[in-house]
Each structure stands twice: as C-alpha cells, then as structure tokens.
Amino acid sequence: MSSNRFPHLFMPIQIGNFTVANRIAMVPTDISSANADGSVNQRVITYHEQVAKGGCGFIIVGATTPDRATGRPTVTCLAADADTLIPGLANLAEGMHRHGAKCAVQIQHPGRQAAWPRKGLMSASDSVVDLPGSAGHEVVYAEALAQGKAIRAMTIEEIYELIEKFAEAAWRVQQAGFDSVELHAAHGYLIAQFMSPYVNKRHDRFGGSFINRMRFPLEIISRIKTKCGRDFPVGIRYSGDEFIEGGRDIAESVKVAKLMEEHGAAYVDISAGIFEVPGPIMDPMYYPQGWNTYSAEAVKKEVKIPVITSHSLRDPAVCEKILAGGKADMVGFSRQMIADPYWADKAKAGKPEEIRKCISCLVGCWQESLMIKRDMRCAINPAVGDERFIHLVPAKQPCKVAVVGGGPAGMETARIATLRGHKVTIFEKSGELGGAILYCCTVSCKNKMRWYADWIRDQVKKLGVEVKYNTEAKVAELKKYDVVILATGGTVTRPDIPGIELPLVVSFEDVLRCENKNCRFYPKAKPKPVRCGNTVLIWGDHFGAADTAEKLGVDGKKVYIVTENAQFASWMEPCHYDVMLKRFAGSNGEGLKGKKFKHPITIIPNSTVVEIKKNGQMTLMDSEFNKSELKVDNVVLGKVEPDNTFYEKLLAAGLTVEKIGDLKQVRNLRGAVTDGANIGLELDEKPMLNANNAVICNLPTGVDI
Ligand SMILES: Cc1cc2nc3c(=O)[nH]c(=O)nc-3n(C[C@H](O)[C@H](O)[C@H](O)COP(=O)(O)O)c2cc1C
C-alpha cells in the first residue's frame, strides 16, 4: 500500500522500549462492553481487533479500574484488580498484536465520577457535585438531586492503598502482554482530582502546592516502576486546560509534562477539560478539527518524550499537517475509530474519501449507551456492538426491494441490503439524496453531518443502487417489488390555528435548505431557501428548531423559541446541550471560537402559539392560560411527526411494507441509521406483515419462517 500522500502519518516512532509502526494512536475509549465482573469478552476483543486490523499503530484500551469495589467509571468497564482477569487481558493484547499494533491499557479510578458504586464516593477533597455530562452523573436517592452527590476526601491510608492497587493493576497489564500502561489523569477523574487546583483543597502532603498535587500520580508511577521494572513504559493522559476558573491552565500543564518526564513517564497524551464543563472533554460537533492541538504543541516544545494530541481529528490531511508542523508526535482518535476502525489503512491507501468520518454527535457512543448504562454503539457505524454487520451474510434469496425516501434510513437500508445481494431501488421525490441531514449543511455547528451525507451518498453510488430522483412512488409501481421499505421521514406539523397559512409562516425545512452549488450532489433545480426577517419566532422542540435557532442566531437575527415543554430540547445529548445553551446566551463553549450570536436567544417554555396575524403580531398562551403578545417577521415551524397516510394506502393495497426511520418514530440520526441497517440485514429473514397485519409466510422470495 502506498503512504505517499501522508508520509509523516506513516513514520515509525519509539515509545520507551517499543516501536510503533506509525503515528496513529487510538486514545483510550471505554466501550463499556466488558462482562459484569470487568473481565474481557469477545465483544471487547472484536472491537479492539478491528482497530488493529485497520492499521492503527498504538491502541490504548480505555478506562480500566484498579479497584472495582470503590470505583468503576461505567458499569461494565474493564477491570484489572484481580489476577483472574489476566487471561482475558492477555487474549485482548494478543488480538491486537496479531495485526501488528502495539497496545496499552489505561488504568483509571473515577473517584467522584464513579458510575458504580453510587454512594460513599472518594476524591481528593470533600465536595458536593452534580455532573450531568458524565456517565456517573445520576443522583438517585431521595432529595439527592437538589443536594448533589456527596463526595468525601480520601484518608492518607486509603491513598496509599490505592497507589498500591494502581501498581498491581499495571503489573497485571504487563503480565497480560501489553506494551505499556497509561494513567488516566484527565477529565476530572481521580488522579485529575488530586492534580487539579480547582478540586484539590487538601492541606496535607497530597494537596496545596504544585508538587503536593502531583504527588499522587508521581507515587503511582514510582510504584509501577518498582513492581514492573524501570523499562516498562508508563504514559500519562491529562487535560492541557481544564477550562474552569481556578483549574489547571496550559502553563501549569507544561510544568506537569516536564515533571512526569523527569519521573520516567514514557509519553504524554494531552486531552482537555473537566466534567464540570463537559464540552472540551468530548467535544461536540461545534468544535473544529484539531482545536486542542495548541496544548500538545505547547507541551512538545518543553519535553523530549512523545506527545499525543487528540480531539476532533478526522481528516488524514489535517493530521499530516499537525505532524509535519512538529506540533505533536502522534495523532490520537477515539470516536473516529468507533465510526471507522479502518481509518489508518484507508489513509495509507491514499483513499481518505472512503473514511466514514465521525460526526462527533455523541449519541450512539455516549448519550444512548455509556450515560444510560448500556454498552457502546455508534450512530453511523452499525457494526459497533453488533457483529452481524462485521460478518455480513449474503441474502439466502435476493429480493427486489423498493426504498421510498432517500434519507439516512433509506440509504443505509440500500447499502446493507445491496451488500447482501438484494436488488434495491430508491424512490426519492427531490433531486438529491440526503433527507433530513441536508438541513444540517447550512448550520455552521452541524456541518460535520455533511461528512456523513457525502459518505453514504458515495456508497450508494459506488454500490450501483438504482435511484429514481424527482419521483413520487406510486402504488402501482411499488407492486412490482417484493417488499417496500418506507423511509419518508417525519412531516412538519402545522397546528390548526388562525394564521397558520400566512406566507410569513414557514417551516425549518424552508429556512435550512442548503444552496451550496459546489456540492457534488447538488441537483439541477432546487428551490432557494426562505430568507427570514430580523425578528423570528421558532415554534417547536425538534432538531430543526434548534438548528434554525443556531443559523438565524449566527446570521444576527433576534430569535424567540416557543415550546410546550418545560425545557427546550431536553432530549439533546448533554455535551451539545451545554454548549448550545452557552451559545444561546451569547457566549461560546469552553475553548470554542465559533461565531457568537449578535442577540441572545429567548426561550419561552410551557407555551404555545394560539394566533398569528398578517402583520406578524401573534398571541402566545402559557400552560396556565395566560396570554401574551409578540410581533415578529416570521414564524418557523419546528415540530415533526410521522404521517402514515401513504403507509396505510400501501397496506390497503396488499403490499408487503415496513416503515423505518422518523416515519416509524421521530428520533435522531442514530435511530434512522439503525433502522435502515437492521431492515437491510433482516429483509429475507424477517416475517413480513400483510395488509391485515398478519404474518405472511409465502413471500415470493423464498423466505423461511
Ligand atoms: C464513548 C467514549 C468513551 C471514552 N472513554 C475514555 C476513556 O476511557 N479514557 C479517556 O481518557 N478518555 C475517554 N474518552 C475521551 C476520548 O478519548 C477523547 O479524548 C474524546 O472523545 C475526543 O477525541 P475524539 O474526537 O477523537 O473522540 C471517551 C470518549 C467517548 C466518546
């Protein structure tokens, strides 16, 4: 394979006593998929083996607890606190070594951020916290929500006991055949709690001065060296900037790197943030590629050991530039390896366009998994957590499949079904594929969604899926297919109130219509987007409402949002939510330099619109029936629901039909892609329903039921 396009990415590097074949690291990712006792299972091996197979040089396995009894960052994290766990860890190391990767395990104690246990949590200092973005955020006891989570300071005895447990865990990792261990001293977990001047308020030898705050990690390194030998490489991951008043800044982080190097650290892995402000830790879509590299660059100037940079790195060209510019020694990826474990090999082959770039949505890998005590998934890669998609089985008997609607659900159905040998035709009523994701292209904070739109559109093209553009599917035409998959998406709701038909009332789809004529998928004829006046009311709670607010806010409009709910968009992934609210208030997320809004956005909760007049005067009513008036230039409808009219028509005509995506239930991209992938996989296996909703066993496709 050629690596000419990205020569720096594919240069070997020495870390301590081992050589990594390239500069590509998977930074630690707790996939929370281990067995309940913290032991390795086939899912954990498969996940990491895929990344190794995909050419990643150095894989750092995610947070692994040295003491299950006092702290697990997620309920099914890995553990290294018993010798009985060594055989499983050895299988994991072997799985990665088999493909040429070097590997480490990150040892982490969550302290105050434990998902388990829920009570009696330890930290550097006594405190009360509520950290809504973390996986251990929930406060489940009576009155506890108001009080926050009570945390207690560790005693000196407990500190020394835990130092020993860290060293023992490192020894087990070494015994299992790993090349290195990494200490998790980032993101406000236990080691970070000792290191952070914001959290650590101790007055003993583990608190106060800089060196006292560093004593906990330094003692751990020293004990690991004693137990495992001076040659066993120990890396450390910490946040370059905690982005919180009173927390560690980049100047102190440079001092930390020098100190760790002096004490024998083999490399530093520079992350960002503390869970009080979750944005920089797991940077949502708002953050541009490589925004955190400045911190690695500052550290690299002062140390000789390798420095890893990470956060929102996606393009090989961007990474090549970072390395060529001497800003870091290695580039690190967490979510990118979830979205596409073959990143390295695709870059090496000179085919970066084949990479399914992570869109940083945090829905599959965080909100709908680790945060709610599930194992990990991915919004755009159905193979994560579901091996059926890694080893796709050819269809027993290929079907003729009509997919109505070329959004993410429809396209993913087409992709999986075609890969399995079915013959798929997509009916798309507009001139381009993309559906609801296309609206994101116009919103600066969401334009990473465009990466996925382009990737999946390319796949559909490369697979030779037939697409009938500008075509409304008709019953007679659909009867020619074995099965119809309806993926027509949600429909914007138009509540029946006076004034709803006025021209000043538009939908978010009208406002967010993309007009990027440089897009290679841009259709010949496309209606222009609606330009709103200076004052706009957005009515609804859907993504479309949030995205319209962001777009109009950036455009300098004065925006009001009316929602029937007590909180606007409470369903949103918490890291995005945190940044969104800061932007609505007229500032930015921490470390983010996006264009700020000219006017803060006003959210009017628990309210609805009861009348709209021609001059833009409107009447609102709250949940206690109080009325108020507002004058705007436009009203944007931002609510969506399924419209089953066509589905029922097809059922009545006796067609075999399944609905997926937002037509089945309005959700998010993950919901749509997962539905599409599943139906693509189950087409020739699944019992299908006939017009009377009875299971039919005599599909013309030879289905065994
Ligand atoms: C699901 C998930 C699990 C993570 N687990 C860990 C972990 O165990 N240790 C750690 O240091 N960081 C962890 N992180 C943070 C990532 O390593 C990384 O710093 C962050 O996601 C930003 O980089 P990315 O854009 O490459 O994903 C995790 C992030 C996610 C999304």
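Nothing here was measured: the structure is a model prediction, and the numbers come from that model. Numbering of ligands and ligand atoms starts at 1, following listing order.
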Inset, instruction - Using distance alone, determine whether R335 and ligand 1 share an N or O pair under 3.5 Å. - result: yes
Atoms of ligand 1 less than 4.0 Å from [X] heavy atoms?
X	result
T29	2 (C), 3 (C), 4 (C), 5 (N), 6 (C), 8 (O)
G62	8 (O)
S312	24 (P), 25 (O)
V27	17 (O)
Q106	7 (C), 8 (O), 9 (N), 10 (C), 11 (O)
M282	29 (C), 30 (C), 31 (C)
F333	26 (O)

Legend entry - Ring centre gap for W571 and F543 strictly below 6.0 Å: yes
Legend entry - Gap separating the NE2 atom of H576 from the CG atom of D283, nearest 0.5 angstrom: 9.5 Å
Legend entry - Value rounded to 0.5 Å, distance of CD in E412 from CG in N381: 8.5 Å
What part of [X], side chain, backbone, both or neither, has a heavy atom within less than 4.0 angstrom of ligand 1?
X	answer
Q336	neither
Q108	neither
R314	side chain

Could you label the plane-to-plane angle of the [X] and [Y] rings as parallel, tilted or perpendicular, counting under 30° as parallel and over 60° as perpendicular?
X	Y	answer
H184	H187	perpendicular
F58	Y267	perpendicular
F243	W291	tilted

Legend entry - Partner of D315 by salt bridge (Lys or Arg N to Asp or Glu O under 4.0 Å), out of R5, K321, K357: K357
May I ask which of [options] has a heavy atom nearer to [atom] than the others do?
atom	options	result
atom 15 (C) of ligand 1	H311, R237, H184	R237
atom 4 (C) of ligand 1	D30, I338, D283, D269	D30
atom 16 (C) of ligand 1	P284, S334, A25	S334
atom 20 (C) of ligand 1	L183, I281, T64	I281

Inset, instruction - State, without any angle test, whether T74 and D30 hold a side-chain donor-acceptor pair at a distance under 3.5 Å. - result: yes
Inset, instruction - Any chance you could lay out the side-chain hydrogen bond (donor to acceptor under 3.5 Å, both in side chains) test for S196 and N200, step after step, and finish with the verdict? - result: CA-CA 6 Å; S196 170; N200 186 342; over 6 Å; no
Inset, instruction - Determine whether any heavy atom of M337 lies closer than 4.0 Å to an atom of ligand 1. - result: no
For [atom], which protein heavy atom lies nearest, and how many Å away is it?
atom	value
atom 8 (O) of ligand 1	A63 N, 2.9 Å
atom 1 (C) of ligand 1	C365 O, 3.1 Å
atom 14 (N) of ligand 1	P28 O, 3.6 Å

Legend entry - V384 side chain reached by D386 side chain, heavy atoms, under 4.5 Å: no
Legend entry - Greater than 12 external heavy atoms within 6.0 Å of K373's NZ: yes
Inset, instruction - Check the pair M195 / F216 against side-chain contact (heavy atoms from CB on, under 4.5 Å), numbers first and verdict last. - result: CA-CA 8 Å; M195 288 166 65; F216 187 52; over 6 Å; no
